[in-house]
Visitor: 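Could you have a look at this structure, given as C-alpha cells, before my questions?
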Amino acid sequence: MASALALSPTLLPFSRHRRSILSPAPQNPLLSSIPRPHLLGGGVVSLPLVPSGRVLWRVRAETPKQEREPMVPPFNVLITGSTKAERVELTIKQLREEFGEKHVWGTVCDVSKGEDVKALITFARDKLNYIDIWINNAGSNAYSYKPLAETADDDLMEVVTTNTIGVMICCREAINMMLNQPRGGHIFNIDGAGSDGRPTPRFAAYGATKQSVVHLTKSLQAELQMQDVKNVMVHNLSPGMVTTDLLMSGANTKQAKFFINILAEPPDVVAENLVPSIRSVPSRQSMRPTYIRFLTGLKAYSQIFSRLAFGARRNRYVIED
C-alpha cells in the first residue's frame, strides 16, 4: 500500500506503495523560504511550510469556472509517493517535530485505486480544507533493473498501475476537486527517465510509463483549454536523477555508476531548486502550463564534459570499477 502525509497549509500525500503527506503553507517568512527534501519513489517530498491560522477554503460548487479567487500564500500542497508506506508514522513524527503537530498529516493510499484516491481527498479536506498544489510523485520500477524479457508479471503490473493508471486517477480526482475550489489549483506530474523518448534499457517499462506521463499532461492541458477552464492547470515537473533508494538500487553496472555519480543529486539539493519554482506558479497567478526542469540538457552535458575532461564527480556516491 501507499501512504500520504499532510502539512498544514502545505499538503503532501503518498500513493501506491508509498505514503502521502499533507501540509499547510507557513506565514512565517523565514519558514516559507526553507526548502524541504524531495525523494522520488518513496521518499519525503516537502515544500516550505507556512503555519496558517485561518480557513481560506470553502465548497462552492456553483462558482462559475471563469471566476477565481487570487491564490496567495499560504499554500496547501498534497504530494503522492512521498515515502514508503511502512515509513509513514516515522516521517510524520519527524516533520511534526520540526513544523508542529497541526501542520503535518499522513495516510496510506493506493493511487491505482479510485476509491483510495477519493478517500485521500476526503482526508486532505478534513485536515486542510483545500489543496492549492497537487504533486503526482508516486512512482515505481518495482526496484528491479533487468531486461524486459526477464521481468515478472507482478513487477510489470506494479510499474504500470502506479506510474500510469495511478497518475490518471489522481489527475482525474484532483481536477474534479479543484474545479469547485474558489482558488482553483495546480497539478504537477513528475516525469522521469524515458520521458524524452530516449531508451531506458534494464527498466524499459518504467521509461515507457514516464513518456506516457508527458503525453497525458499535454492532453489534459488541451482538454482544460477546450473546456474553457480558468482555475485549474496541469504541469510537468522534472527533478532529474535523485539519490533515492529507487535510483540507487540500480547502481550495479559500470554505466549506471558512471551516470549516477555524474548526474544525480541528493533530495535536498533538488528541492532547494524546485520548490521556489513550484511556488512561483501560483504566486504569480499564472494559469499557463509550465515544464519545470532541474537537470537540463545543458547542465547534464556540462557535468559529463567536466567528468571526461577533469575527472570530476568520480566515485561521488558509488565506487566505480
Side-chain angles (χ1 to χ4, degrees), residues 1-5 12-21 37-45 78-88 91 106-114 116-117 120 134-174 187-196 199-217 236-252 256 260 264 267 270:
M1 290 297 294
S3 53
L5 303 184
L12 318 175
F14 309 85
S15 60
R16 177 177 173 80
H17 303 291
R18 305 288 182 274
R19 78 179 173 186
S20 301
I21 302 178
H38 180 138
L39 307 183
L40 287 182
V44 179
V45 185
L78 183 153
I79 306 175
T80 68
S82 303
T83 190
K84 292 181 178 179
E86 60 270 21
R87 297 179 184 170
V88 178
T91 304
T107 189
V108 172
C109 170
D110 186 336
V111 295
S112 69
K113 297 180 178 179
D116 272 29
V117 179
L120 174 60
W134 179 303
I135 301 178
N136 284 315
N137 171 68
S140 175
N141 75 336
Y143 290 87
S144 175
Y145 291 86
K146 62 180 65 172
L148 183 67
E150 301 173 11
T151 305
D153 290 351
D154 289 347
D155 287 348
L156 284 176
M157 290 300 296
E158 177 178 329
V159 172
V160 174
T161 56
T162 301
N163 301 359
T164 302
I165 303 300
V167 174
M168 290 179 179
I169 291 175
C170 285
C171 284
R172 181 189 69 191
E173 298 303 323
I187 301 165
F188 289 84
N189 291 331
I190 291 187
D191 69 13
S195 59
D196 59 359
T200 53
R202 295 201 311 142
F203 52 110
Y206 176 91
T209 61
K210 286 302 181 179
Q211 188 168 37
S212 75
V213 168
V214 175
H215 180 86
L216 174 66
T217 302
N236 267 123
L237 182 62
S238 180
M241 298 177 68
V242 186
T243 56
T244 62
D245 293 344
L246 189 67
L247 176 70
M248 301 309 291
S249 65
N252 51 15
I260 286 174
V270 178

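In what follows, every heavy atom counts, from backbone to side chain, and hydrogens, waters and symmetry copies are set aside. Worth saying up front: this structure is predicted, and the values here are computed from it rather than measured.
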Visitor: Report the C-alpha distance between Asp191 and Leu237 in whole Å, list the side-chain angles of each, state the deciding distance to 0.1 Å, and finish with yes or no for side-chain contact (heavy atoms from CB on, under 4.5 Å).
Guide: CA-CA 6 Å; Asp191 69 13; Leu237 182 62; over 6 Å; no
Visitor: Does the side chain of Trp134 come within less than 4.5 Å of Cys170's, by heavy atoms?
Guide: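 Yes - at least one pair of side-chain heavy atoms lies under 4.5 Å apart.
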Visitor: With rounding to the nearest 0.5 Å, note down the distance linking OH in Tyr145 to OG in Ser249.
Guide: 4.5 Å
Visitor: Working to the nearest 0.5 angstrom, can you tell me the gap between Phe188 CZ and Asn236 CG?
Guide: 10.0 Å
Visitor: Donor-acceptor check, side chain of Thr162 to backbone of Val159, threshold 3.5 angstrom: yes or no?
Guide: no
Visitor: Does Ser140 form a side-chain hydrogen bond (donor to acceptor under 3.5 Å, both in side chains) with Glu158? I'd like the steps, not just the answer.
Guide: CA-CA 7 Å; Ser140 175; Glu158 177 178 329; 2.6 Å; yes
Visitor: Can you tell me how far CE of Met248 sits from CE of Met241, rounded to the nearest 0.5 angstrom?
Guide: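 With rounding to 0.5 Å, CE (Met241) is 8.5 Å from CE (Met248).
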Visitor: Would a distance-only check, ignoring hydrogens and angles, find a side-chain to backbone donor-acceptor pair under 3.5 Å from Thr161 to Met157?
Guide: yes
Visitor: First locate atom CG of Leu148, then atom CG of Asp155, and finally report the distance between them rounded to the nearest 0.5 Å.
Guide: 11.0 Å
Visitor: Check the pair Asn189 / Asn136 against side-chain hydrogen bond (donor to acceptor under 3.5 Å, both in side chains), numbers first and verdict last.
Guide: CA-CA 5 Å; Asn189 291 331; Asn136 284 315; 2.7 Å; yes
Visitor: Can you check whether Val167 reaches Leu216 side chain to side chain, under 4.5 Å on heavy atoms?
Guide: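 Result yes, sub-4.5 Å side-chain heavy-atom pair found.
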Visitor: Ignoring hydrogens and angles, tell me if any N or O in the side chain of Asn141 forms a donor-acceptor pair with the backbone of Tyr206 under 3.5 Å.
Guide: no
Visitor: Determine the minimum heavy-atom distance between Asn163 and Gly139, stating which atoms define it.
Guide: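 So the two residues come closest at OD1-CA, 3.2 Å.
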Visitor: For the backbone of Ser144 and the side chain of Arg202, can you confirm whether one donor and one acceptor N or O come within less than 3.5 Å of each other?
Guide: no
Visitor: Give the minimum heavy-atom separation between Gly207 and Thr200, together with the two atoms involved.
Guide: CA-OG1, 3.5 Å
Visitor: Looking at Lys210 and Ile190, would you say the former's side chain and the latter's main chain have a donor-acceptor pair under 3.5 Å?
Guide: yes
Visitor: Please report the interatomic distance CG(Asp110) to CD1(Ile165), rounded to the nearest 0.5 Å.
Guide: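 Atom-to-atom, Asp110:CG and Ile165:CD1 are 11.5 Å apart.
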Visitor: How close do Val270 and Val242 get, heavy atom to heavy atom, and via which atoms?
Guide: CG2-CG2, 3.9 Å
Visitor: Give, for atom OG1 of Thr151 and atom CG of Leu156, the distance between the pair rounded to the nearest 0.5 Å.
Guide: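 Thr151 atom OG1 to Leu156 atom CG measures 5.5 Å (nearest 0.5 Å).
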Visitor: Write down the atom of Ile169, the atom of Ser112, and the distance for their closest heavy-atom approach.
Guide: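 Looking at all heavy atoms of both residues, the shortest contact is CD1-O, 3.4 Å.
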Visitor: Minimum heavy-atom separation for Ala256 to Gly250, with atom names?
Guide: CB-O, 3.4 Å
Visitor: Begin from the C-alpha positions of Asn137 and Thr80 and carry the test side-chain hydrogen bond (donor to acceptor under 3.5 Å, both in side chains) through to its verdict.
Guide: CA-CA 5 Å; Asn137 171 68; Thr80 68; 5.8 Å; no
Visitor: Do the non-hydrogen side-chain atoms of Ile187 and Cys171 ever get within less than 4.5 Å of each other?
Guide: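 Yes, at least one pair of side-chain atoms sits under 4.5 Å.
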